[in-house]
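A quick write-up on the structure given underneath.
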Amino acid sequence: MVAIYANPINIGKFSVGYVLATNEMCFVMENISPLGKYDGLLCHLIDDINKIEYDSEYIKNINKLIAYHGEERNIFKNFKDHPLFDLLEYAKTNNKICTIELCGSDLTDAAGFIESFEKDTVKIKLITEAGKYDGIAIIKLEQLARIWCDSEDYRMYEWLYKLNN
């Protein structure tokens with residue numbers, strides 16, 4: 001387990017989890033919440049990494065919380081060839097909510113379900129926080145700073161969308 005600091009806007013912000021795959025462009029990690037629970041998958045640019053920590057007191061405490069909750073790790077075997085495309089395929093196939101940050105904005109610039117993707121673009125069905133359809137966005141992959149899939153904060157969008165449809 002590692003803590004990865006990869007936010008150019010807020011350099012003190014970090015994600016904790018298990019790195020599943022990397023390439024020269026990006027990495028995918030299984031994110032763990034501060035409560036020691038599974039918190040989705042994160043794909044982030046390698047170039048944005050400021051610092052990586054392991055074996056810290058914080059990480060040791062997260063491990064204690066994982067054990068306390070009896071959390072079993074999900075085993076993601078899908079991440080082999082290209083971490084970003086593997087994550088997009090996982091999200092599309094499993095109909096998982098995704099959030100996208102563009103150009104290092106440190107904001108959620110799009111939230112919804114992956115409709116399709118190609119080598120240069122991703123098409124996402126936008127969903128509001130009330131779980132309502134809000135149009136389609138086509139995003140240039142070169143503008144992606146970070147993409148989350150199945151994060152704890154946005155599962156409510158997914159659940160409400162499924163209840164509404």
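Small disclaimer: the values here were computed from a predicted structure and weren't measured.
In this structure, Lys162 places its NZ atom where more than 12 heavy-atom neighbours from other residues, nucleotides or ligands lie under 6.0 Å away. The 12-atom threshold is exceeded at NZ of Lys60, counting heavy atoms of other residues, nucleotides or ligands nearer than 6.0 Å. Annotation for Glu129: atom CD does not count as buried by contact number, only 12 or fewer foreign heavy atoms lying within 6.0 Å.
The shortest non-hydrogen separation linking Asp39 to Trp148 is O-CZ3, 3.9 Å. Smallest separation of non-hydrogen atoms from Pro83 and Asn23: CD-ND2, 3.3 Å. Scanning all heavy atoms of the two residues, the minimum distance from Ser15 to Leu42 falls at OG-CD2, 3.4 Å. Between Thr99 and Ala111, the shortest heavy-atom contact is CG2-CB, 3.9 Å. Looking at every heavy atom in both residues, Leu65 comes nearest to Leu35 through CB-O, 3.6 Å. For Ala145 against Cys103, the heavy-atom pair with the smallest separation is CB-N, 4.0 Å.
Asn31 contributes atom CG, which lies 9.0 Å from atom OH of Tyr38 (distance to the nearest 0.5 angstrom). Distance CD1/Ile124 to CD1/Ile136: 9.0 Å, rounded to 0.5 Å. One finds the CD1 atom of Ile46 at 7.5 Å from the CD1 atom of Ile4 (value rounded to the nearest 0.5 Å). Considering CG of Leu141 and CD1 of Ile100, their distance stands at 8.5 Å, rounded to 0.5 Å. Between atom CD of residue Glu118 and atom CG of residue Leu88 there is a gap of 12.0 Å, rounded to the nearest 0.5 Å. Here CG of Asp47 is found 10.0 Å from CE of Met25. Values are rounded to the nearest 0.5 Å.
Considering only heavy atoms from C-beta on, Pro34 comes within 4.5 Å of Tyr58 through its side chain. The closest side-chain heavy-atom distance from Thr108 to Tyr154 is below 4.5 Å. Looking at Leu41 and Asp150, their side chains never come closer than 4.5 Å, going by heavy atoms from C-beta outward. Looking only at side-chain heavy atoms (C-beta outward), Glu89 and Asp86 stay at 4.5 Å or farther from each other. Residues Lys37 and Ile32 fail the side-chain proximity criterion, which asks for heavy atoms closer than 4.5 Å. For the pair Met1 and Ile66, the minimum side-chain heavy-atom distance is below 4.5 Å. No side-chain heavy atom of Tyr5 sits less than 4.5 Å from a side-chain heavy atom of Ile52.
The aromatic rings of Phe27 and His44 lie parallel to each other, their planes meeting at an angle below 30°, with 60° marking the opposite boundary. Taking the six-membered ring where tryptophan is involved, the planes of Phe117 and Phe85 are essentially parallel, since the angle between them stays under 30° and well short of 60°.
Linking Ile, Leu, Val, Met, Phe, Trp and Tyr residues whenever their side-chain heavy atoms come within less than 4.5 Å places Leu102 and Ile114 in a single cluster. Note: the hydrophobic cluster containing Tyr68 does not contain Ile59 (ILVMFWY, side chain heavy atoms under 4.5 Å, direct or indirect links). The hydrophobic clustering, which links ILVMFWY residues whose side-chain heavy atoms are closer than 4.5 Å, places Met29 and Val16 apart. Tracing side-chain contacts under 4.5 Å through hydrophobic residues (I, L, V, M, F, W, Y), one reaches Leu160 starting from Phe113; they form part of the same cluster. Hydrophobic cluster membership differs between Tyr161 and Leu126, with clusters built from Ile, Leu, Val, Met, Phe, Trp and Tyr side chains linked at under 4.5 angstrom.
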Exercise for review: Show your reasoning for whether side-chain hydrogen bond (donor to acceptor under 3.5 Å, both in side chains) applies to Glu101 and Ser105.
Suggested key: CA-CA 6 Å; Glu101 175 189 326; Ser105 69; 4.6 Å; no

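Looking only at distances, no side-chain donor or acceptor of Glu115 sits under 3.5 Å from a matching main-chain atom of Lys123.
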